[in-house]
Asker: 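Below is one structure. I have some questions about it.
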Amino acid sequence: MVLLPLLLALHATEKIPRVVDSTGKNAFDDLDKLSMAHLKERGHRLFASAATCYWVSIVTYYLLWKAYKHVSDLRAEALMSAGIRAEQFAVLVRDIPSSSEGYSTKQQVDSFFRQIYPETYYKSIVVTENKAVCKIYEELEDCKKKVARAEIIYGNSKEVNPEGVRPTHRTGLLGLIGKKVDSIEYYNKKITELTPKLEAAQKVTLKDKQQRSALVFFTNRVTAAAAAQSAHARMIDTWTVIDAPEPRQLLWTNLHKTFYEREVRQYVVYFIVFMTICFYMIPIGLISAFTTLPNLRKLLPFLKPILDITSVRTVLGAYLPQIALIVFLALLPKFLLFLSKAEGIPSQSHAERAASGKYFYFIVLNVFIGVTIGGTLFDSFKDIQKNPDSITQKLAASLPGNATFFLTFVALKFFVGYGLELSRIVPLIIFHLKRKFLCKTEGDVKEAWLPSDLGYATRIPNDMLILTITLCYSVIAPLILPFGAVYFGLGWLVFRNQVLKVYVPKYESYGKMWPHMHVRILAALLLFQATMLGYFGVKQFLYTPIIFPLPIMTIIFSFVCSKKFYRFFQSTALEVASQELKETPNMEIVYNSFIPPCMNADKVPEEQLNV
């Protein structure tokens, strides 16, 4: 509302004899007249641009402060609700030291916490190594599904032939080779064999495969919240106690990892991510450079007849680099989520937050910075070779021109992305294929139809990228602002509908994603301020030092927000946990909700769970 009319008028009405053509590569030459490229060097109008840098920063601080307070209130309201949530009565204990008196891990945990919390301690579940028992459990569940499916096929066949045709299959690879057997008899026999095998494996696991971590339960929320915030040992590497995640999002294979193992894994993962960012920049830069129309003409001469068609040239010039970039980036998120889980993170939500952070810095460094550097170096390589000192000036001068790339990138995101999101064509096609060839029971149909969750690990970093691009070009090329506004305005409408009516959440983390988003928005603001410092320098603006306080203000603002708000997002405040519940919790239900499916209490006697 402020930048667009003010800056467009300033840029468009500047009288300058020569305009540097920095956008010719994307065929949007006239846009230079609406950007800072059209302003004179050392001109007085640069004062207005400097003032708008302060305006952008102050508005960002104000909105972030309001948002942090709002999300903090929402978190408090959710945690204070009178409903019973199992995770609010439990803590996760890691780095349990070995017992010098020969006690089992279960006995050691019970003794330690009963001594500290004699009135409110309930009991504990020791984490076990469940790989073998989970394998048997999954095989058993698979057999149950297959026998149910075979019985439905057999029942349907009786509608054609009163005697029916019993389904058969082969026992070899993918059911294509091996001995041919009656499916119902075969799977029923397998279930009969696997059930006692599972029970025996459960008992062995509970007795012999206990690990040095546990879930500890208390009879009220306040004690659990206080325990999660307290130091239970003098040394940091023993008796580490944190809030328990929801039962459905525990990463059981990570719970036993020791303090030093987690630290080493974290730094190794950071190194791998750093190397990934560095090496991914090379192909991203090449994609940016090679997919421009002039370069396609040089490198692929046989495309010239197609590129000479006006309509094709216009579409390809606007969208080809962006499509190539989006496809390339689609390969990365699962790898980053795998790396995040490899750090030893205890919950799915925490792993997705970590993957989200890695992906954000990756796409900012490789897409935003990589596209700018890659395109400029490729176009000006000979000039830079002759005069290496000109590289800074070349990069800064290319900024307004690269705005056209990002403008069409943002437009493609909301035109195509939101259309696919609302129509959900891909999930619909997948569902009908599954229903046609794989679904035999009502349960199969429901499972095939069940929507996924929002996908925070990729969704939020992509939105943060658009915010970063919009912020960084808000003063240099203000025409990008309407596109950013449309992206987030449409996004609010589309995803409000999707979140409320389509997606099914896999977990609830009570707003813990927000502090990470807050930090990344401030990182984007810092990048904007650094970009403006560099560009004012290229414009030879004598009063460039007036921008220097902005990065310092951003760092101070980040520090103040962290000190004021972040503690409550790390752990539950006791004033929140002390709110009365509408009913007394059934601690046995709370306790059983944390038992992994493969160790289900229905199959394991209570006395076995407490050995």
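Numbering of residues begins at 1 and proceeds along the displayed sequence.
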Asker: How would you list, by chain and number, every residue that makes a side-chain contact (heavy atoms from CB on, under 4.5 Å) with Val71, sequence neighbours excluded?
Answerer: Trp514, Phe569

Asker: Can you list the residues that meet the side chain to side chain donor-acceptor pair (under 3.5 Å) rule with His432, with sequence neighbours excluded?
Answerer: none

Asker: Taking all non-hydrogen atoms of both residues, which atom of Thr572 and which atom of Asp243 are closest, and how far apart?
Answerer: N-OD2, 3.9 Å

Asker: With sequence neighbours excluded, tell me which residues meet side chain to side chain donor-acceptor pair (under 3.5 Å) with Arg94.
Answerer: none

Asker: Taking the side chain from Asp237 and the backbone from Tyr260, do they hold a donor-acceptor pair closer than 3.5 Å?
Answerer: no

Asker: For Gln229, enumerate each residue passing the side-chain contact (heavy atoms from CB on, under 4.5 Å) test, keeping only those at least two apart in sequence or located in another chain.
Answerer: Ala225, Arg567, Ser571, Leu574

Asker: Nearest 0.5 angstrom please: Ser72 OG to Phe568 CZ, how far?
Answerer: 5.0 Å

Asker: Table please: side-chain donor-acceptor pairs of residues 422-431 below 3.5 Å, with sequence neighbours left out.
Answerer:
residue: Ser423; atom: OG; partner: Gly419; partner atom: O; Å: 2.8
residue: Ser423; atom: OG; partner: Leu420; partner atom: O; Å: 3.4

Asker: Partners of Met275 by side-chain contact (heavy atoms from CB on, under 4.5 Å), sequence neighbours excluded?
Answerer: Phe271, Phe279

Asker: Side chains of Tyr361 and Pro461: does their closest heavy-atom pair fall under 4.5 Å?
Answerer: no

Asker: Tell me every residue that passes side-chain contact (heavy atoms from CB on, under 4.5 Å) with Thr238, counting only those two or more places apart in sequence or in another chain.
Answerer: Pro97, Ala233, Met235

Asker: If I compare all heavy atoms of Leu471 with all of Phe528, which pair ends up nearest, and what's the gap?
Answerer: O-CD1, 3.0 Å

Asker: Quick one: does any side-chain atom of Thr60 pair with a main-chain N or O of Val56 as donor and acceptor, under 3.5 Å?
Answerer: yes

Asker: Tell me, which pairs form a side chain to side chain donor-acceptor pair (under 3.5 Å) where one or both residues lie in residues 555-564, sequence neighbours left out?
Answerer: none

Asker: Working to the nearest 0.5 angstrom, can you tell me the gap between Arg265 CZ and Tyr270 OH?
Answerer: 14.0 Å

Asker: Does either side chain, that of Gln88 or that of Tyr510, offer a donor lying less than 3.5 Å from an acceptor on the other one?
Answerer: no

Asker: Under the salt bridge (charged side-chain N to carboxylate O under 4.0 Å, His left out) test, which residues partner Arg353, sequence neighbours left out?
Answerer: none

Asker: Suppose we screen for salt bridge (charged side-chain N to carboxylate O under 4.0 Å, His left out). Which residues come up paired with Lys69, at least two apart in sequence or across chains?
Answerer: Asp73

Asker: With distance as the sole criterion, is a donor-acceptor pair present between the side chains of Ser57 and Gln529 under 3.5 Å?
Answerer: yes

Asker: Is it true that Ser340 and Lys358 share a donor-acceptor pair across their side chains at a distance under 3.5 Å?
Answerer: yes

Asker: Any non-hydrogen side-chain atom of Asn462 less than 4.5 Å from a side-chain atom of Tyr359?
Answerer: yes

Asker: What residue pairs, at least two apart or across chains, pass salt bridge (charged side-chain N to carboxylate O under 4.0 Å, His left out) with a residue in residues 124-138?
Answerer: none

Asker: Identify every side-chain donor-acceptor pair in residues 484-497 under 3.5 Å, counting partners at least two apart or on other chains, and give the distances.
Answerer:
residue: Tyr487; atom: OH; partner: Asp463; partner atom: OD1; Å: 2.6

Asker: With distance as the sole test, does Arg520 use its side chain to make a donor-acceptor pair with the main-chain N or O of Ser356 at under 3.5 Å?
Answerer: no

Asker: Quick check on side chain to side chain contact (heavy atoms under 4.5 Å, CB included): which of Ile125, Thr128, Asn130 does Pro596 satisfy it with?
Answerer: Asn130

Asker: Do Arg435 and Asp444 have side-chain heavy atoms sitting under 4.5 Å apart?
Answerer: no

